[in-house]
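Encoded as structure tokens, the structure appears first; notes follow it.
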Amino acid sequence: MSELERPSWDEYFMEIATVVSKRSTCLRRSVGAVIVKNRQIVATGYNGTPKDLPHCSEVGCLREQLKVPSGKNHELCRGIHAEQNAVVQAAYHGVSVNGGTLYCTHQPCVVCTKILINAGIKRIVYANPYPDKLAEDMMQSSGIAIEVFHKE
């Protein structure tokens, strides 16, 4: 009998983050996030406009219209990031993310990094880099363990 091939925990949760990203309504980048505690999913999030507001596919991308480069002027966007949505979902349902791990398809920006630090996230695993030196510096200073995902 052959041994069952199972994904590692990091592979498992990153695959789920990738599936979550498919719900994204952003026209520029699809991002998915999963927050895990004790190997249990406590929240998920994807990037897009706040609930009950028209999606960018309906009204257009403000950042594209203004020619805002990636990694700059995050406030000039109608959307909320996947990491922010995951933290908000947990709060909405009264679930603590303190001590949890965030699995994300992309490296968090500085705005998300500040939220994750204050939410008590202790580890971040991401698959795709994002050009934000300040976010990297803040994560390092905060003591959050940050790892680039490499499929095993």
Return a table of donor-acceptor pairs under 3.5 angstrom between the side chains of residues 91-101 and protein atoms on other chains or two or more places apart.
from: His93; atom 1: NE2; to: Gln89; atom 2: OE1; distance (Å): 3.3
from: Ser96; atom 1: OG; to: Asn98; atom 2: N; distance (Å): 3.1

Tyr103 and Asp10: side-chain donor and acceptor closer than 3.5 Å?
-> yes
Can you tell me if Arg123 uses its side chain to pair, donor with acceptor, with the backbone of Glu147 under 3.5 Å?
-> no
Between atom OG of Ser142 and atom CG of Asp137, what is the distance when rounded to the nearest 0.5 Å?
-> 11.0 Å
Tyr130 backbone acceptor or donor facing Gln107 side chain under 3.5 Å = yes
Side chain of Arg63, backbone of Lys72: donor and acceptor closer than 3.5 Å?
-> yes
Check: Cys26 main-chain N/O paired with Ser30 side-chain donor or acceptor under 3.5 Å = no
Is the number of heavy atoms from other residues, nucleotides or ligands under 6.0 Å of Arg23 CZ greater than 12?
-> no
Common cluster, Tyr46/Ile124, ILVMFWY with side-chain heavy-atom separation under 4.5 Å = no
Ser24 side-chain N/O to Asn47 backbone N/O, donor-acceptor pair under 3.5 Å = yes
Using ring-ring contact (aromatic ring centres under 6.0 Å, His included) as the criterion, list what pairs up with His74, not counting sequence neighbours.
-> His81
Measuring from Thr113:OG1 to Ile121:CD1, what's the distance to the nearest 0.5 Å?
-> 11.5 Å
Tell me, with the steps shown, if Cys77 and Leu62 meet side chain to side chain contact (heavy atoms under 4.5 Å, CB included).
-> CA-CA 6 Å; Cys77 179; Leu62 180 60; over 6 Å; no
If you measure from CG on Asn128 to OG1 on Thr105, what distance do you get to the nearest 0.5 Å?
-> 6.5 Å
Reported SG-to-CD1 distance for the pair Cys109 and Ile115, which is rounded to 0.5 angstrom = 7.5 Å
Any donor-acceptor pair under 3.5 Å linking the side chain of Ser141 with the backbone of Met138?
-> no
For Glu75, all residues meeting side chain to side chain donor-acceptor pair (under 3.5 Å), sequence neighbours excluded = Asn73
Determine whether Leu27 and Ile80 fall in the same hydrophobic cluster, where Ile, Leu, Val, Met, Phe, Trp and Tyr are linked whenever their side-chain heavy atoms lie under 4.5 Å apart.
-> no
dist Glu64:CD -> Leu66:CG (nearest 0.5 Å) comes out at 10.0 Å
Examine Val148 and Leu116 and state if one hydrophobic cluster contains both, with Ile, Leu, Val, Met, Phe, Trp and Tyr joined whenever side-chain heavy atoms are less than 4.5 Å apart.
-> yes
Check whether the side chains of Ser70 and Arg29 place a donor and an acceptor atom closer than 3.5 Å, and report yes or no.
-> yes
Parallel, tilted or perpendicular: ring planes of Tyr12 versus Trp9, cut at 30 and 60 degrees = perpendicular
Hphob cluster co-occupancy, Val20 + Val31, side-chain heavy atoms under 4.5 angstrom = no
Should Val59 and Arg78 be marked as a side chain to side chain contact (heavy atoms under 4.5 Å, CB included) after you check the CA-CA gap, both sets of side-chain angles, and the distance that decides it?
-> CA-CA 10 Å; Val59 297; Arg78 297 177 68 254; 3.2 Å; yes
Does His55 offer a backbone N or O that forms a donor-acceptor pair with the side chain of Glu58 under 3.5 Å?
-> yes
So, do Leu102 and Pro108 sit near enough that their side-chain heavy atoms are less than 4.5 Å apart?
-> yes
